[in-house]
Each structure stands twice: as C-alpha cells, then as structure tokens.
Amino acid sequence: MGLSVGLLLRLGLLFTAVCVCVHVYLRTGWWRTPAPPGLGRPIQTHQKLGKHGRASGVSAEGQEQDRSIKRRISYVRTLKKEGSARKRDEESEVLSPPCCPRLRSHRKTPRWHIDLEPWASESHSLEAEAKRFLSYITTPQVLCSSLGGEETAQEETTGPWAVCLDPKYSLSHRIQSKHCRVYSFGLGAEDRSLEHSLARSGCEVHCFDPSLKQPHLQQDEMWLHRLSVDWRDPNPAIVAQRPYANTKKLATILNDFGHRQVDVLKADMESAEWKILENLVLEGVLDSVGQMLLELHLHWAGFEVGGDDPSVVRYWFSLLRELERANFRLFHVHSDQAKPHLFLHKNILNASSSYTLSWVNTQWKP
C-alpha cells in the first residue's frame, strides 16, 4: 500500500510538471509566432496580457503596422511622382527656350594686359613701326555705302566725325525704331554737329563734359552730364567727399545709367584715348558698343604710356589690332592737316599729329 501511495504521488507530480511545461510551451509558442511576411515591424515578447487583452493588443498592433505600410507605400509613390515631375521639369528646361533673354553683363572676366603684336622689323626701329602704324590707320577695312555726319561748307565730303548708316549694320535700323543711344565724351562744345544731327533723328544723346556747372542738364534735345570717361574709377575717399565724381570708367557709367549698350561712342580725350581704349579692351566693354569714333593724338605717347618711341608705336598698333579682334572694322579716316605734322615730336612720313577714326562693330546685335 505504501508503494502504491508513493507511486501515485510521483505520478501526480510528474503529471503536474508535464501540465506546467505544456502550459508554458503554449504561452511562449503563442507570443513567438512569426509575424506575417512584409510587415517588417518587431513584436514585443515580454508583455503579460490576458486572453481578451492579448487579442485586442494584437489587433491594435496589426492596424498600426498596416497604417505604417500604407504610409511607406504612399511615401514611395510620392517620391516616384516627384522624381518623375522633377525629371520632366529638367527636360523641359533643357528643351524649351527661356521666356526672356538674360541681360548681358558689361563686365567680363578682366584681362591683365593686351596682346602685343610682333615687332614690325628685327631692328625694332621707329621708322618701321611708324610706317606700319600709319598705313594701318589710313586704310579703311570696310566700305560704308552711307555716311552720316557734318557736311563741310567748302566740299561735299563728310567732316571728321562720321557714322556708318549702311543698312547692313544696325545703326540705321536703330534710328528708324527710335532706340538709338549716343555717348559723346569731350571738353567744351566746340563741335557737336554730329550729336545734334543724331538727336534730331530721334537718338537719345548723352554728352559728357566735366567742365559743366551742373551735374545733369537737358538742353537742345540732349542730356549734358558733368562727367567724363577714364581708364580707372576715382578713389572711394574722393567719391565720399564729392558725390558726383568727374571721371569714371565706361563700364561704371553704363551700370550707373542702367544702359546695356551704346550705338555710337564718340570720344575726343586729348591724349587719354590710349589708356581708355586699353581699359575697354581689358574689361570686355567693346561688346556693348556699336560704332566708335575716336580722335588720336600722335605728337606724344599719351597719358601713362611708357617706353621708348618704337615700343610706344608698337603698343598703339597692338591696341588697334585688339579692336579688330573684337570685330571692329575701320570705315572712315580723317586727317587734320591744320595740326602740326609731328609724330612723337618728330616729322615722320609727313604724318599729322591728329587723326579721327571711325569703326563699326560688324557683329554687334543689340
């Protein structure tokens, strides 16, 4: 009997242990059931929930995971749509032309020096340099079928200042459409017949004279400004003391006046023309000029032009060649025979000390 009771007790304990193990196995197996594929969200394993709580917790967790999946799918679709739209926009920007042309800047990347031409001869002589230079400035490069300027009283030829009104260039069309703009730089009002003629034709004419008493004045269909062009801007300290500086670079004047281009640029700068021309070349301002009328003074080197006489003439010639590389072509030459025949203080080839040259920008399209 004693053996039977002991055996029964052992069997009871064994059964109880088996039930506990089964119970534990069932609970752990329930919570470790793998999540459905594609959810990608881990499930916590240490929560103690009852039967009702377990069902509601699983249901809430599943709904939250469904919402997370929908959000991710919606986000991916949105990214695809945005990527496609961005790609279409980029393609349309490349294929379709812009609605409005961009304004051309007057200032390009500045250069440090001009390109000097080779010497005219191995001897670097003044005579060889002068002969090449004088031949260059007295030989027109293009034929202009119609010149506009002052008709001299004694002869039926155009005076020293002349513009090209040939229809193959832009000036005649700009005058007809009333979009012509003229800049005239000089001292005093000795000869403004060309300016008056262009103003009567409908051009917007600006005359710059630093000797004026007023900063700006409108007179005789023209604007007068107490200002002149230079190859450098004034010192900022001087500008602070005097709001209206007397000299500025052409690029600065264009920007201050809000002008993109000038159809005609006329300049009589009394031996400052070489450094001013060098500044126009180095700063790339020539693209903004349609025609340039310039008086050259050859009796001396000019302001801040150094070197011996052959080097000076080589520098002059190199500057004019820079004009040619910028698509300017000489169409009119006038030699003032009333001026002394001096070429760097010498009488060389009977050259006059003053020449008025007119160039047209053959590629200029405002």
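Reckoned from all heavy atoms, side chains included, excluding hydrogens, waters and symmetry mates.
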Connected via hydrophobic side-chain network under 4.5 Å: Leu342 and Trp274: no
Residue pair Thr356 / Trp161, side-chain heavy-atom distance below 4.5 Å: yes
For Gln141 against Arg329, the heavy-atom pair lying closest together: OE1-CA, 3.2 Å
Glu195: salt bridge (charged side-chain N to carboxylate O under 4.0 Å, His left out) partners, not counting sequence neighbours: Lys266
Check: Ser145 and Pro167 side chains under 4.5 Å, non-hydrogen atoms: yes
Transitive ILVMFWY cluster of Leu212, excluding itself - 4.5 Å side-chain cut-off: Leu217, Leu224
Ser228 side chain reached by Met269 side chain, heavy atoms, under 4.5 Å: yes
Transitive ILVMFWY side-chain link Leu116 to Trp119, under 4.5 Å: no
OG on Ser288 to CZ on Arg181, rounded to 0.5 Å: 10.5 Å
Short side-chain to backbone donor-acceptor contact, Asn361 and Val289, under 3.5 Å: yes
Modelled atom types, side-chain donor and acceptor of His341 and Asn350, under 3.5 Å: yes
Nearest-0.5 Å distance that lies between atom CZ in Phe303 and atom CD1 in Ile276: 10.0 Å
Intermediate values then yes/no, side chain to side chain contact (heavy atoms under 4.5 Å, CB included), Cys164 and Leu171: CA-CA 7 Å; Cys164 182; Leu171 181 58; over 6 Å; no
Glu122 CD: over 12 foreign heavy atoms closer than 6.0 Å: no
Spacing of Ser335 atom OG and Leu357 atom CG [to the nearest 0.5 Å]: 10.0 Å
Within-4.5 Å side-chain heavy-atom neighbours: His206 and Ile253: no
Donor-acceptor pair between Asp191 and Ser193 side chains, under 3.5 angstrom: yes
Heavy-atom pair of closest approach, residues Pro210 and Gly186: CD-O, 4.1 Å
Mutual orientation of the aromatic rings belonging to His345 and His299 [parallel < 30°, tilted 30-60°, perpendicular > 60°]: perpendicular
Non-hydrogen side-chain atoms of Phe331 and Pro140 separated by less than 4.5 Å: no
Heavy-atom donor-acceptor pair, Trp223 side chain to Cys207 backbone, under 3.5 Å: no
Working for side-chain hydrogen bond (donor to acceptor under 3.5 Å, both in side chains), residues Glu129 and Tyr315: CA-CA 10 Å; Glu129 296 298 328; Tyr315 167 75; over 6 Å; no
Side chain to side chain contact (heavy atoms under 4.5 Å, CB included) between Met292 and Leu277, worked out: CA-CA 10 Å; Met292 182 161 56; Leu277 182 57; 4.0 Å; yes
Donor-acceptor contact present, side-chain Arg226 to main-chain Ser211, <3.5 Å: no
Lys178 side chain vs Ser201 backbone, donor-acceptor pair below 3.5 Å: yes
Sidechain-backbone polar pair: His297 side chain, Ser353 backbone, donor-acceptor under 3.5 Å: no
Exam field: side chain Thr139 to backbone Tyr136, donor-acceptor pair closer than 3.5 Å: no
Between CZ on residue Arg174 and CD on residue Gln291, distance to nearest 0.5 Å: 12.0 Å
Parallel, tilted or perpendicular: rings of Phe257 and Tyr183 (30°, 60°): perpendicular
Distance, nearest 0.5 Å, that separates OG of Ser121 from CG of Leu126: 10.0 Å
Check: Ile175 and Leu198 side chains under 4.5 Å, non-hydrogen atoms: yes
Minimal non-hydrogen separation, Leu293 against Ser358, with atom names: CD2-OG, 3.4 Å
Worked verdict on Phe208 versus Phe185 for ring-ring contact (aromatic ring centres under 6.0 Å, His included): CA-CA 5 Å; Phe208 298 85; Phe185 295 94; 4.5 Å; yes
Neighbour count above 12 (heavy atom, 6.0 Å) for Lys131 NZ: no
Minimum side-chain heavy-atom gap Val205-Glu221 below 4.5 Å: no
Heavy-atom donor-acceptor pair, Asp233 side chain to Lys249 backbone, under 3.5 Å: yes
Sequence neighbours excluded, every pair satisfying salt bridge (Lys or Arg N to Asp or Glu O under 4.0 Å) that has a member inside residues 293-305: Arg232-Glu304
Backbone N/O of Ala267 and side chain of Glu273: donor-acceptor pair under 3.5 Å: no
Residue pair Asp263, Ser170: steps toward the side chain to side chain contact (heavy atoms under 4.5 Å, CB included) verdict: CA-CA 8 Å; Asp263 296 87; Ser170 301; 5.7 Å; no
Asp166 side-chain N/O to Tyr169 backbone N/O, donor-acceptor pair under 3.5 Å: no
His225 side, atom NE2; Gln214 side, atom CD - distance, nearest 0.5 Å: 12.5 Å
Shortest non-hydrogen contact from Trp231 toward Ala272: CZ3-CB, 3.8 Å
Minimal non-hydrogen separation, Cys144 against Leu165, with atom names: SG-N, 3.9 Å
Trace of the side chain to side chain contact (heavy atoms under 4.5 Å, CB included) decision for Asp268 with Glu270: CA-CA 6 Å; Asp268 179 6; Glu270 302 296 336; 3.6 Å; yes
Test item: Glu322 side-chain N/O and Asp115 main-chain N/O as donor-acceptor pair under 3.5 Å: yes
Heavy-atom check, side chain of Val312 versus side chain of Trp316, under 4.5 Å: yes
Minimal non-hydrogen separation, Phe343 against Ala351, with atom names: CD1-CB, 4.3 Å
Ser352 and Asp336 side chains, donor-acceptor separation under 3.5 Å: no
Glu117 with Arg325: basic N within carboxylate O range, under 4.0 Å: yes
Within one Ile-Leu-Val-Met-Phe-Trp-Tyr cluster: Leu294 and Ile114, side-chain cutoff 4.5 Å: yes
same_hphob_cluster(Leu265, Val333) at 4.5 Å side-chain heavy-atom cutoff: yes
